[in-house]
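Letters A, B, ... mirror the listed sequences (proteins, then strands); counts begin at 1. Hydrogens, waters and symmetry mates are skipped; everything else that's a heavy atom, side chains included, is used.
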Amino acid sequence: MDLGVIENHEADTAAEPQAFLTFTLGSEEYGIDILKVQEIRGYDSVTRIANAPEFIKGVVNLRGIIVPIVDLRLKFDLGSAEYNEFTVVIVLNLRDRVVGIVVDGVSDVISLPREKIQRAPDLGSTVDTEHLLGLGTLDDRMLILMDIEHLMNSPDMGLVETA
Amino acid sequence: MTVDMSQFYQVFFEEAAEHLAAMENLLLGLDIDAPDPENLNAIFRSAHSIKGGSATFGFQNMAQVTHILESLLDRIRNGELQLRAEMVDIFLKAGDVLQNQLEAHQNGGEADEENARAICEQLSRLATSENSGAPLASGAGEAPAPAADAHAVRTYHIRFEPDDGFPQRRANMDNLIEELGHLGRLSILEDGRHAPDGFSEEAAEGKLLWRFTLETASGEAEINAIFDFVAKAGELEISAEAPGSNKAEEEEETAYGFFTDIPEQAPDQPEEDQGYGFFTDLPSPAEKTASEEAEQGYGFFEEIQPPAPTVTAKAAAPLRTAPQSGEKNALASQSESSIRVSVEKVDHLINLVGELVITQAMLAQTASKLDPEIVEILGNALGQLEHNTRDLQESVMSIRMMPISFVFSRYPRVVRDLCAKLGKQVELKTVGEGTELDKGLIEKLSDPLTHLVRNSLDHGIETPEKRIAAGKPEKGTVTLRASHQGGNIVIEVIDDGAGINRDRILEKAKERGMAVSDSMSDQDVYQLIFAPGFSTADVVTDVSGRGVGMDVVKKNIVNGMGGRIEIDSTLGQGSRITIRLPLTLAILDGMSVGVSGENYIIPLTYIVESLKPKEEDVKTVSGQGRVLHVRGEYIPLVALYEIFNISPKVSKPHEGILVLVEAEGKKIALFVDELLGQHQVVIKSLESNFRKVPGISGATIMGDGKVALILDMSSLVSLSRNA
């Protein structure tokens with residue numbers, strides 16, 4: 001088994017299990033590094049940004065900080081993009097920025113031993129595996145482990161200035 | 001032992017800059033014919049502190065310049081040299097050189113050593129050219145003692161006991177000891193580094209002690225200045241001994257009692273008391289001539305028999321307060337009552353308090369929807385909360401506020417130098433220096449204001465001959481006035497010079513092919529001055545007249561600070577330039593407008609007027625672009641919903657509102673659905689977590705906690721051109 005992928009992404013040393021926050025998008029289950037999560041809150045009063053791609057819902061006021069909100073359901077075209085009192089925003093604290101992502105629902109925090117994680121297979125051009133840490137197995141479910149920081153900083157998210 | 005000095009550098013840079021500024025101010029305030037000895041002393045102390053610090057930190061070039069400067073100043077204050085106007089000039093130049101060197105050290109650049117050498121030569125020449133000036137009477141000074149004693153060699157006992165972080169400072173001791181050595185004959189009684197009793201380095205970390213005796217003609221202030229950058233409060237004790245008395249020198253205590261009739265009592269005084277009792281019935285003649293010196297005050301008693309000598313000495317100490325001691329206490333308390341805090345921390349605090357205010361508003365809003373009975377119970381507490389949050393917000397905001405004297409204080413120098421260059425006589429008056437405004441504004445204000453002051457001097461104030469011919473006093477006056485007016489800071493630059501010639505501006509404007517007419521209002525004509533490249537000066541001097549500047553001034557004030565600038569003038573009487581600024585950069589006066597349910601903020605400074613057009617006032621050009629016809633002018637109409645790609649709720653201009661805005665010299669009519677109200681909003685950056693959005697300069701949080709975007713007028717104007 002190849003752990004190289006994990007180690008490339010600032011994981012803990014040795015074989016310590018890594019904790020992931022899992023959430024669902026449509027029928028798929030995703031996991032992200034719990035250390036990147038700042039808080040989870042409801043979805044409300046988003047201010048639209050002009051001429052932004054559809055999946056950037058706008059900005060919200062998070063205790064005085066202006067935080068952009070990205071709807072991952074729209075970005076990955078998964079699930080139905082409805083907004084009600086059950087819509088959940090995961091606020092991520094990435095290295096130098098705070099971003100909120102909208103998902104269908106937050107499920108759990110799980111601890112995944114290294115041997116349960118494998119590198120994402122090459123899916124050709126249909127799926128971009130660049131933002132994936134790997135695939136995890138939890139009971140009999142497959143967990144897509146996402147490198148959320150990599151994803152959020154990628155140019156096609158339109159969140160960062162592309163010089 | 002390698003020592004990381006860099007952590008102390010910043011402190012030195014800041015302190016040295018302050019000392020330099022203080023020195024310059026004092027120099028400018030000096031009355032050449034009868035200089036105040038206190039001021040001379042203060043100048044000397046500033047120079048000396050810089051010297052001590054720069055030598056300690058190894059900035060030899062600065063130490064060198066200050067050394068020469070200092071020795072010259074020392075002789076002036078001691079009355080050995082007569083102060084001349086020429087000296088002040090050179091001292092000021094030396095200050096500039098030091099400033100330059102300081103900046104070079106700070107930013108890692110190259111100092112202008114050529115200049116430094118020149119100034120050193122000039123200073124040395126001053127020192128030698130007049131060796132026998134008429135002695136000036138130096139009154140109160142370093143030595144409050146009788147004049148005869150002023151230069152007497154005195155012995156000081158210095159006790160330096162650093163309490164922590166000492167390993168870093170240990171290496172400085174070499175420099176320090178060397179510095180002390182320059183003052184006079186230094187003997188080291190105890191050296192913390194080679195402590196006896198087999199102190200190991202580790203054991204010594206906690207407590208280290210240096211004790212020196214220094215025989216010197218210099219005052220205590222000099223010694224203090226050497227320790228300035230090294231010793232913290234309470235670590236340093238300096239006590240002076242009367243000239244000639246060397247009997248008690250070896251004593252351990254810093255307090256001395258001289259009682260020959262009860263000699264065994266002396267060693268019994270354990271107090272580290274700095275008061276001295278001198279008793280005239282002491283048999284030793286040396287001690288009888290004891291002159292007073294040192295900081296704590298002295299008691300002189302005749303015929304007091306000492307049954308309880310310590311008590312008497314202590315109690316008596318405050319009775320006679322040397323002038324110096326008062327001053328020192330004032331200085332000490334000043335330095336203790338302020339702390340340096342990074343702007344970042346303050347901004348964070350302001351941010352948090354801003355949030356608290358919003359939360360409080362939301363709470364009040366929610367409460368008002370509740371059952372009236374509950375509201376009544378809650379009401380009091382909520383009222384109190386509101387009151388307290390407002391108070392808190394105000395005090396937190398005031399942390400960032402600084403008096404405008406920080407800017408004003410540089411102009412006496414500017415005016416002085418310019419007057420000399422232009423051959424004019426100008427008096428600078430400043431009014432309202434205590435007016436406070438945001439630190440960020442202060443920094444941005446200084447350049448445009450300098451420009452205005454230079455302009456006033458160059459173009460405004462006439463030469464003395466012309467002034468006399470016009471029946472005005474020979475000396476012109478430039479007044480800088482700052483005041484609060486409503487939520488604004490108003491800064492005026494007023495001169496009693498020639499005023500602005502309206503016809504001349506119009507003439508020049510026509511020459512340059514600008515669209516002007518003779519019927520324009522005075523205000524409009526004066527605003528032409530701010531056009532890029534505009535100048536009416538016939539001769540381009542190195543002071544002004546190139547026509548670059550006023551446009552930059554306006555740009556800085558309007559775009560950079562969200563302010564406005566106005567000119568009033570009466571030909572032959574003078575002119576007044578008024579700058580209106582918001583109290584702080586963090587807050588903006590804005591008009592909130594609604595477009596298809598979205599809120600946007602238009603900065604008020606850009607808005608000319610708002611109007612509801614008639615259907616026939618809006619015309620199309622080639623079927624596409626719309627223009628607004630207002631008072632004979634055709635203004636391009638820009639619909640916000642088009643620029644921001646929002647599906648419009650109102651698409652016919654006569655059903656909505658047009659806001660006429662002016663930016664970058666162009667007018668556009670912004671088409672919005674409705675005006676929602678005027679607010680003061682706190683500016684938040686959109687870019688810290690997102691990217692720059694065209695047409696948007698920032699965001700703010702409204703009273704209901706929602707985010708509203710602030711429109712960037714300059715970019716909207718250019719966006720509309722591309723659209």
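No side-chain donor from either of Y600(B) and E598(B) sits under 3.5 Å from a side-chain acceptor of the other.
Chain A forms the most heavy-atom pairs under 4.5 Å with one residue out of L352(B), I646(B), N599(B), and that residue is I646(B).
Note that R73(A) lies in the cation-pi zone of Y83(A), set by a 6.0 Å cut-off to the ring centre and a 45° limit from the axis.
Looking at L658(B), V627(B), L670(B), I668(B) one by one, the single match for side chain to side chain contact (heavy atoms under 4.5 Å, CB included) with L637(B) turns out to be L658(B).
Residue contact with chain B, scored on non-hydrogen atoms closer than 4.5 Å, involves the backbone of V60(A) exclusively. Heavy-atom distances place the side chain of I56(A), and not its backbone, under 4.5 Å from chain B.
Partners of L363(B) under the side-chain contact (heavy atoms from CB on, under 4.5 Å) rule, at least two apart in sequence or in another chain, are L382(B), L385(B).
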